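The structure presented is a predicted model; accordingly, all values stated were derived computationally and were not measured. For ligands, and for the atoms within them, numbers begin at 1 and follow the listed sequence. Any value given below was found using the heavy atoms of this structure, including those in side chains, with hydrogens, waters and symmetry copies removed.
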Amino acid sequence: MEVFKKAIPISEAIKLSTGYVTVRGWVYRKRVLKEKVFVVLRDSTGIIQLVFPRDRFKIAEELNIESSIVVSGLLVKEPRAPGGVELHVESIDWVYIGEPYPINEDAVTADSEYLLDVRHLWLRSRKMQAVLKIRHTVFEALHHYFRKNGFYEVQAPMFITAAVEGGATLFRVDYFGRPVYLTQSSQFYLEALIYSLEKVYTIAPSFRAEPSRTRRHLTEFWHAEMEMAWASMEDAARVGEEVISYTVEKVLQERGEELKLLGRKTEALEKAKPPFYRVSYDEAIEILRKKGLNINWGDDIGADEERALTLEFDKPIILYGFPEKLKAFYHRNNPQRPEVTLSFDVLLPEGYGEVIGGGERIYDAKELIDKIIRFGLNPEDYQWYIDLRRYGSVPHSGFGLGVDRLVMWITGADHIRDVVPFPRDIRRTKP
Ligand code: 4AD
């Protein structure tokens, strides 16, 4: 069939700029003039202007936006066309006339709820294309970084029975008549796996029954987690700053065009090189109080406080040493100062805030059981997790990185939903 005949990517056609070629894709724009129909054609690589003589190609007038088409013709240099090249169509090899398209990309002040309803179509927009390509590069870079640095990739289950990050955000699932939950984090499984492989990572979905809709919370997000045996909080923090800077660097190198299309200014990205600033929780409280915020030692550093804090610094911050009660039970308390934990968050600049949460884990069985009880939890629920401390326990540390949040910052998006192909939040499970 003609449709399967060899076509070249549009980006390649633009580079060639002369010769007889076949291209295929979807109608992005259309203008009907007296003698010609101008169509901008889009594929996954770019856009090119097609010129149809009206007398020969009656059908060109009927092409609605997003109609699909395969055409052959001659490439001609034309400075006024996007990319400086246009294709003078000689034959239409295949065409599928679409119904009138329900989105006008030029008028996308369009309310975002509508764009979420038609997300299955909106994914075709040049903006989403750029975001998805950056997302692709981010995932690639994360895998690269971990693999190049001696981490084994592992997989953990999504059905679980013990809460990692507290019961309040667990999704309950009916599992053959008994309740199980969707995982909030693969951390406990990674902790088991370090006794086999020492340095492990996984990139997988995590689920949180987040009751509120915010700019940076999803109910299903992509979580890049790592765990290392024989490692301190500072060792984990160093991996955190390295993996972020490595990923940002790769996007800057390979996705300049996409960042430009999104209008992303790159100064802050270029600056995100190790070492990131280290700021203790105590110092953060002081900085925030000096800025006039009403916050005291022991209070949570929420989204607004994080934002205020990141605006004081031109690079990501490693915020460490949180009070015990602000962090999950598994964090090891600082032996020199037991009221604080050996925990850290990485906060992204420009107001974006937390992207990583991690730290050193409790390695002593008794210390762990005591803390589980102190937190009002039942040690029986954590039997296998406690078991890990019974047979040759070692100091170990790790973290979880919210991949969608990292993409959000890199692309400069206002909302986490804008960087996920099919986002899930409290209201939305469709499309
Ligand atoms: O700080 P969190 O809750 O830490 C953990 O889950 C640890 N067990 C991870 C570990 O040490 N292995 O989550 C880690 C990161 C956050 O910093 C954030 O980037 C992201 O996961 N995250 C979310 N992203 C989007 N939507 C949500 N509802 C998120 N909850 C957490």
Side-chain angles (χ1 to χ4, degrees), residues 135 138 142 146 151 154 156 158 160 162-171 181-194 199-228 231 233 235-237 239-240 243-244 247 300-303 306 310 316-320 322 326-332 341-348 352-362 382 385 396-410 413 415-420 423-426 428:
R135 208 178 149 89
V138 166
L142 293 171
F146 285 120
F151 290 85
V154 294
M158 300 290 106
I160 54 109
V164 185
E165 297 300 324
T169 60
L170 279 175
F171 275 113
Y181 307 101
L182 294 179
T183 192
Q184 298 165 311
S185 155
S186 298
Q187 178 190 327
F188 290 179
Y189 297 93
L190 298 195
E191 286 189 59
L193 284 155
I194 59 163
K199 288 168 75 172
V200 295
Y201 82 99
T202 193
I203 304 181
S206 279
F207 304 88
R208 307 273 169 106
E210 299 284 353
S212 52
R213 278 181 122 203
T214 78
R215 283 169 186 281
R216 57 180 198 166
H217 285 93
L218 295 166
T219 51
E220 176 180 335
F221 67 97
W222 279 82
H223 210 170
E225 297 183 89
M226 76 84 184
E227 200 70 29
M228 298 190 281
M233 169 180 80
D235 294 331
V239 173
V243 74
I244 290 174
T247 304
D300 198 6
I301 297 194
E306 276 183 12
T310 70
I317 307 168
I318 294 173
L319 181 60
Y320 67 92
F322 290 87
L326 295 184
K327 288 285 172 184
F329 71 88
Y330 52 73
H331 288 285
R332 185 173 174 224
T341 50
L342 297 170
S343 58
F344 72 95
D345 285 353
V346 178
L347 310 187
L348 295 173
Y352 279 86
E354 185 192 336
V355 70
I356 284 182
E360 190 176 331
R361 325 303 191 187
I362 297 173
Y382 296 95
Y385 185 63
H396 61 284
S397 298
F399 65 65
L401 177 157
V403 184
D404 315 284
R405 286 194 187 174
L406 183 58
V407 177
M408 188 183 165
W409 173 59
I410 290 175
H415 205 293
I416 195 164
R417 288 189 309 235
D418 296 343
V419 301
V420 180
R424 295 290 178 253
D425 66 22
I426 187 168
R428 190 167 290 278

Side chain, backbone, both or neither: which part of [X] has a heavy atom under 4.0 Å from ligand 1?
X	value
I356	backbone
F221	side chain
Y352	neither
H223	side chain

Determine whether the side chains of [X] and [Y] contain a donor N or O and an acceptor N or O closer than 3.5 Å.
X	Y	result
T169	E210	no
H396	E191	yes
Y189	E225	no

Considering only protein heavy atoms, which is closest to [atom], and at what distance to one decimal place?
atom	answer
atom 11 (O) of ligand 1	R361 NH2, 2.9 Å
atom 15 (C) of ligand 1	G400 O, 3.6 Å
atom 19 (O) of ligand 1	V355 O, 2.8 Å
atom 17 (O) of ligand 1	E354 OE2, 2.5 Å
atom 4 (O) of ligand 1	E165 OE2, 3.9 Å

Any [X] heavy atom less than 4.0 Å from ligand 1:
X	result
D404	no
H331	no
M226	no

Considering R208, E225, R405 one by one, which has a heavy atom nearer to atom 6 (O) of ligand 1 than any of the others?
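Looking at heavy atoms only, the winner is R208.
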When you measure from atom 27 (C) of ligand 1 to each heavy atom in L401, V420, L218, D425, which option holds the nearest one?
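Shortest heavy-atom distance from atom 27 (C) of ligand 1: L218.
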Atom indices of ligand 1, in the order listed, that fall short of 4.0 Å to a heavy atom of [X]:
X	result
G357	1 (O), 9 (C), 10 (C), 11 (O), 17 (O)
R216	25 (C), 26 (N)
E210	28 (N)

Just one of E165, E360, R361 clears the side chain to side chain donor-acceptor pair (under 3.5 Å) bar with Y330, so which one?
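Looking at E165, E360, R361, the match for Y330 under the side chain to side chain donor-acceptor pair (under 3.5 Å) is E165.
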So does R428 have more than 12 non-hydrogen atoms from other groups sitting under 6.0 Å from CZ?
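More than 12 within 6.0 Å, yes.
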Are F221 and H223, when compared by the centres of their aromatic rings, separated by less than 6.0 Å?
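Yes, the ring centres sit under 6.0 Å apart.
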Establish, yes or no, whether a centroid distance under 6.0 Å links the rings of F146 and Y201.
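That pair passes the under 6.0 Å test.
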So, is Q187 polar-close to ligand 1, with some N/O to N/O distance under 3.5 Å?
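Yes; at least one N/O pair falls below 3.5 Å.
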Does an N or O from Y330, backbone or side chain, lie closer than 3.5 Å to an N or O of ligand 1?
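Yes, at least one N or O pair falls under 3.5 Å.
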So, the side chain of S212 versus the backbone of T214: is there a donor-acceptor pair under 3.5 Å, distance only?
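It does not hold such a pair.
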Flag, side chain of T202 to backbone of V154, donor-acceptor distance under 3.5 Å:
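The answer is yes, because a donor-acceptor pair under 3.5 Å joins these two groups.
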If you apply the rule salt bridge (Lys or Arg N to Asp or Glu O under 4.0 Å), what do you find for D425 with R208, and how did you get there?
CA-CA 9 Å; D425 66 22; R208 307 273 169 106; over 6 Å; no
For the residue pair L170 and A209, what are the closest heavy atoms and their distance?
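Closest heavy-atom pair between L170 and A209: O-CB, 4.0 Å.
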Once you measure the plane-to-plane angle for Y385 and F188, does it fall in the parallel (<30°), tilted (30-60°) or perpendicular (>60°) bin?
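Parallel.
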